Structure formats: structure tokens, C-alpha cells
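Below is one structure; the comments refer to it alone.
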Protein chains: 2
Amino acid sequence: MYKPITIKDIARALAISPSTVSRALSDSYEINELTKKRILDYAEEHKYKRNPIASSLRHGRSYSIGVVVCEVANSFFSQAINGIESVAYAKGYHVIISQSHDAYEREVMNIQHLANRSVDGLLISMSAETTDFSHIVDLHGRGLPFVFFDRIINEFETHTVTVNNREGARKATQSLIDKGFRHIVHLANAPHLSITAERLEGFKDALRDNQLPYTDSLVRYCHHGGRLQEEIEDAVAYYANLDQKVDAIFVASDRLSMGCIQAYHQLQPVAQHPAIAGFSNSDSLNMLQPDFTCVRQPAFEMGRAATEKLIQLIESRYPVYHFENIVLETEIITH
Amino acid sequence: MYKPITIKDIARALAISPSTVSRALSDSYEINELTKKRILDYAEEHKYKRNPIASSLRHGRSYSIGVVVCEVANSFFSQAINGIESVAYAKGYHVIISQSHDAYEREVMNIQHLANRSVDGLLISMSAETTDFSHIVDLHGRGLPFVFFDRIINEFETHTVTVNNREGARKATQSLIDKGFRHIVHLANAPHLSITAERLEGFKDALRDNQLPYTDSLVRYCHHGGRLQEEIEDAVAYYANLDQKVDAIFVASDRLSMGCIQAYHQLQPVAQHPAIAGFSNSDSLNMLQPDFTCVRQPAFEMGRAATEKLIQLIESRYPVYHFENIVLETEIITH
DNA sequence: CTGAAAGCGCTAACAT
DNA sequence: ATGTTAGCGCTTTCAG
């Protein structure tokens, strides 16, 4: 059907050898300027397109990188993907996106699938449910480069890109305290995620700074990252039953904030909700909750940085022993 | 670095020919059961993975399909993508997603890029800005299969998957009328999109059914599909200046509804907004606007159907002359 | 500066 | 039932 023109076709038409054509197209130096021009003109005119599959086979590389995030319909991740694509395309790589939906099985399946599809490297933000990392450790051990962003693991050394979660969490909590709230709880993500522990520390920092008491009972975890609305509703119900009336919540993520507001909407009018502050890269959330304070992550920049490091790993001719753990700052938006 | 085991390696280890190994792995019938078992066991044990690049080169197909949507951070499209992936993965195809951000240049670039990357076919929902279709017509003419969903074009015959936009629009508008609103306007998408004309017809139908007058001045178009918040603000400002006070708006899309609510938020308290009804697959929108009536499209199902038709086209041994235009029904959710 | 030849990994004719 | 061979399109020695 769709039969594109090949290097051989050009060679035949111009009565030269395929290798010369290849050289012209890859802009080799050892070629006559005139021959090169003839070839390039012909290629242009006949809309020659290099066959990337053949090229990949030859080079043993696919010039594509895999991305695994929990979901794309999420402001943070979609912005990060834009950053990833901007770098990847500029460097001639293709981006293959897949979603884990925060489920362990889907994460394993996707990573396996991408590795089979011979991506040259993987950019991962861990699924909330994952506690067994052997699928990743295994592939990494076999030489596949990985870079983690946002939700990282420490099973082996590699580049990572994160934000200063602890400080972001502290600032968000502090903003609630500044507004006069004293009974502040924390709606947290899955307990084994790297970001969960860090954000919890920031929450504690803020309480401590203000001589407010901390107990573990102030924290509710969502083991599926909010994938089940039920887990959020349980937390909200739990807060409602505390002896102390909760007047503010520090929420660990966008999705949880959304679920949280949704849960309260079913219970009572907006005016009576606790105040909410939390990590969020969504523009619509602060419309929902008029006084919503959010901690913005530089998602686009994180995607960019992670991709740059990954491509460095992929293109490095020598084994890499020195890894960078890039930590960017968050920005807080108060109302 | 990462040197996977090949068919040759297996052949050498078992002292048989590569073709036999290939036959065993592709489950050919003309092979001794015992030999087959030996090979499969060895492959399993050594974690053999077929090299899809070599396989693609050989078959002249990449077993991947390209998807072009305006953006993934959009409930409708992310649900559609889930449907696309469910079918594609099941049939052994990979999915490569790209975003046009409703911009013509990016759409052209992405489609070009995907075609170069030798996808076997393309699943497209048109960008709002696109009025020149030659980049698509050209590739289609050269034999690349296309299936359109949601936002289609009629430059050539092929399979399409849409919803009954006219009826959905009529029902949404009718629901506003049922609530007692009489001065209803329509915030529309880009005028050249297929869905725009259809939804406008439904809007007119509802007005006519209720003996309400229609004039073109009731309709405002967003030429960039709401990509620029400005275009929505202009429309809202225009409504505010009408002689007749607008008491309800029928909005053509999710993104426009969001932008519309956002624009009103800047102007006046929620209680004084006009009522809104519109096409939306987002769960969060009805929280924003308490009485928001939405028309849900079966996005997942649309993705599924489109992918099935595309794979049919790809795998058909003969030129296809009979095309299906699948039209699904919408569901309306009132409050 | 250009050409001939080999090979990336896989598979489908064509033998045997 | 198995082996031999050739080739998908591209690139890279190695020779000239």
C-alpha cells in the first residue's frame, strides 16, 4: 500500500551507490558538495523520509523514551509531559506515554511493555500502590537507563528530579496557621511514596514551629492515592468524628484535594468546609474552594530536567557513576 | 550495554536453525512438539524477548497506532484514550499519543512526525484551528489509514465515530428551558469543527420546539476552542452587554464551560451567574456550578470503536470501499 | 570522495 | 519437520 521512497530508490535514480546517499543524508563530511546537493534536492523533491525502524535496527536503539505516570488527566503530570516532550523532540526522541492509574499491575505491565518495545530509557513517577520494585530493579540491572521524577525510589542509584516537598508542605501548613486555624489535619497520599514521607515532615515542621501538638491521629493515608473515592470519604468521615473540630486540612495532592472537596460537597454547604491547602497544579481547584492555598510544583521544568538527564544516560558512552538528585523549589499561591 | 538474547543465540545454544526457533516462537503448526517445547523452555528460562524493531522492519509494519487529540488533560479525551488503549493493547498494538493543543502547526507537525515514525494508522480528533486538511489528505492518498472520532472531516471517505451531537445539544438546551429559562445563548466552539455545526443545530431545534426566537446574535464562537481564555471572556462580556439579560448558557465543551465559569467568577458571585448546561465528561464541573447540567459522551466506547475500525483497516488485505459512520448516543445528567 | 559488502534480528519462500 | 537463503532499509567498515 503505502510504499515510501528509500535510499536505494534515490541511489538508482541518480546512478550512485546507496552508501553515498546515506552519507549525504546524514550530512557526513567526506562527501562532494555537489553530489550532496544533488542528493538532497532529489530527496526533498520526492519527499524522502528516513525509515526510522531500519535506522533503529541498525543502531540498536529506538530513539524513543517511555514515560510512566499514574494518569495524564492530571494537571501536574500533563504539564510534566509537556516538558518531557519539549526536550525529547528537540533531541530527536519520541515519547511513549503510559498510565499506571496508580495500580501496581498496570505499572508492571506498562514497564514490561515499554521495555519490550525497546525504548532506550524510562522516565518514571511511581504508582501509589507499588511496594515491590523488582520489575524495575531487574530491567535496570540489565542496563536499561531509568530516571525518576516526583515519586522516586531508592532501590538503586540514578538521577532523580523532585521538588523540595518538605518545605512546600511546611509553607502550605504555615499559611493555614497564619490564617488563624489551629486544628489542622493532614490528608496524605499512599504511605510508601517518597513524597508522602517528605510532605508529612513539612507538615510536622510547621506545627512544631508554632507550638502546635502533633499526633499520628492527625494524618489519614490514602493507600490508592485517591483512586477510590471511598478512601477519601472515609478520611473525611474520620475527621468529622474527631473530638476537636477540624478547621483546616493540608492535602498532599491535586487528586486528593479534588476528592476531598467532592466529599465535603456531599455533606455540607461550602461555607462550612474546613479550609484547604495543598499541593496542586490545577487552575480550576481554587475556583472550587475560594480560599484554597496551593503549592505549585514546576512540573514543566521537572519534565525537562528529567528528560535531559535520561538522554544523557542513554547517550553516554561510558558507564555513569555519578548521579544527580535535582531538587527544585515550589511556589505557594495564597488567597 | 543492554544486549538482549536473540533468536540466533537460541539456535546456536540448541544446535538448530534460526528459522526453526522463529517458527516455535510464532507458534507455527509445522513443527515438532518436542522441539517446540525445548525452544520455548529455553526462551522462557533466558527471558528471550522478540525484538519488535526487527520484526517491524521485516513486516513493513510497526504495530503501533498514532493518536492526535487536542490535549490529554481533558476528561473526554483521557477517557477516549483509555478506550483506545484497551483495544490496541489487546490486539498487540502500541499507542503513541500526541497533543495538538488545538493549534494548526502542532497538528501538522505531530501527524508528520507520527507518519515518519511509521505508525500503521492514525486516530484523529481534529484541532479547533485547522481549516486546511491537505496534510491529512496527502498521507491518506499515499495509503495511510485514518479513522476520525469526535471532530471529523469530510475530505474523503473513511470510518468515523461520533455521538449524536444534535440530539445531545437539543436535550441540554431543553433542560434549561424546562428549568424556566427563556433567554438562552450558546457559547460555541470553533466554527469549522464538525461538532460545532451539529451542536448549533440541536440548540436551534430546542428553541424552535419551544417557540423561542433564534438569531445568530445568540451564538458566540471560540475560534481557538478556548485555548485563549480571552476569547471566552470576550463572549461573556458580550452577553453582559445584551439588551436582554441572559439567564442561561448552553456551552459546547468541557473546556469552554470551565473557562466560562472562570470568567464569571471574576465578575460576580456564583448566585448571579447564568445557569449553564453543556457537553462535559468531567466530574468536577458540576461541583463548580451546583446546577450544571451536562451531556456526557461515551468517550471510552468511542475510543474503543474507533480503534477497532482502524485496526480493521490496517489489517485488511484488500482495499476497503465500505466505510462506517458510527454514531453513539449521549447521556444527559441533570440536577 | 565513492562503492562494495556485510549485517542489525527476524521471517517467509523455497528447498530437503 | 527442519535447514538454507535472501532481504526488509539503513549504516559502516574497508577498499579503492
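Only this structure's heavy atoms are used, side chains among them; waters, hydrogens and symmetry mates stay out. Only a predicted model underlies this, so the values are computations on that prediction, with no experimental measurement involved.
As a whole-Å value, the separation of Ile10(A) CD1 from dG9(D) C1' is 12 Å. dC10(D) atom C1' lies 13 Å from atom CG of Asp9(A), rounded to whole Å. Put simply, CG on Asn32(A) is 15 Å from C1' on dG3(C), counting in whole angstrom units. To the nearest angstrom, P of dT11(C) lies 13 Å from CD1 of Ile31(B). When the P atom of dC8(C) is taken as reference, atom CG of Asn51(A) falls 18 Å away, rounded to whole Å. Following rounding to the nearest Å, Ile53(B) (CD1) and dT11(D) (P) show an atom-to-atom distance of 14 Å. When rounded to the nearest whole Å, the span between CZ of Arg38(B) and C1' of dT2(D) equals 12 Å.
When the side-chain nitrogen and oxygen atoms of Lys49(B) are compared with OP1 and OP2 of dG9(C), none of them lie within a distance under 4.0 Å. For the pair Ser56(A) and dC10(D), the criterion of a side-chain N or O lying under 4.0 Å from OP1 or OP2 is not met. An OP1 or OP2 oxygen of dT2(C) is reached within less than 4.0 angstrom by a side-chain nitrogen or oxygen of Thr35(A). Regarding contacts with the backbone of dT11(D), a side-chain N or O of Arg50(A) is found under 4.0 angstrom from either OP1 or OP2. Contact annotation: Ser22(A) side-chain N/O to dT11(D) OP1/OP2 distance is under 4.0 Å. In this structure, Ser17(B) does not reach the dT2(D) phosphate: none of its side-chain N or O atoms is under 4.0 Å from OP1 or OP2. Thr6(B) has no side-chain polar atom (N or O) that falls below the 4.0 Å cut-off from OP1 or OP2 of dG9(C). Look at Tyr48(B) and you won't find any side-chain N or O under 4.0 angstrom from OP1 or OP2 of dG9(C). One finds no side-chain N or O of Tyr63(A) lying less than 4.0 angstrom from the OP1 or OP2 phosphate oxygen of dC10(D).
Within 4.0 Å (heavy atoms only), Leu57(A) reaches at least one base atom of the nucleic acid. As judged by a 4.0 angstrom heavy-atom cut-off over every strand, Arg23(A) is placed among the base-contacting residues.
A heavy-atom distance below 4.5 Å is not found between the side chains of Met302(A) and Gln79(A).
Here the closest heavy-atom approach between residue Ser28(B) and residue Lys36(B) is recorded as O-NZ, 4.3 Å.
Side-chain proximity of Ser19(A) to dG3(C), dC1(C), dG9(C): nearest is dG3(C). For Arg58(A), the listed nucleotide lying nearest its side chain is dT11(D); candidates were dT11(D), dG9(C), dG3(C). Nearest nucleotide to the side chain of His59(A), out of dT11(D), dG9(C), dC10(D): dT11(D).
Mapping Ile16(B) and Ala54(B) onto DNA chain D via the closest heavy atom, the residue that lands nearer the 5' end is Ile16(B). A residue-by-residue look at Lys36(A) and Ile5(B) shows that Lys36(A) has its nearest nucleotide of DNA chain C further toward the 5' end.
Between Phe148(A) and Phe146(A), the ring planes lie parallel to each other; the angle is under 30°, not in the 30° to 60° tilted range. Under the 30°/60° scheme for interplanar angles, the aromatic rings of Phe323(A) and His159(A) are found to stand perpendicular.
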Begin from the C-alpha positions of Tyr48(A) and Ile7(A) and carry the test side-chain contact (heavy atoms from CB on, under 4.5 Å) through to its verdict.
CA-CA 8 Å; Tyr48(A) 167 81; Ile7(A) 278 188; 3.5 Å; yes
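Between His135(B) and Tyr104(B), the distance from one ring center to the other falls under 6.0 angstrom.
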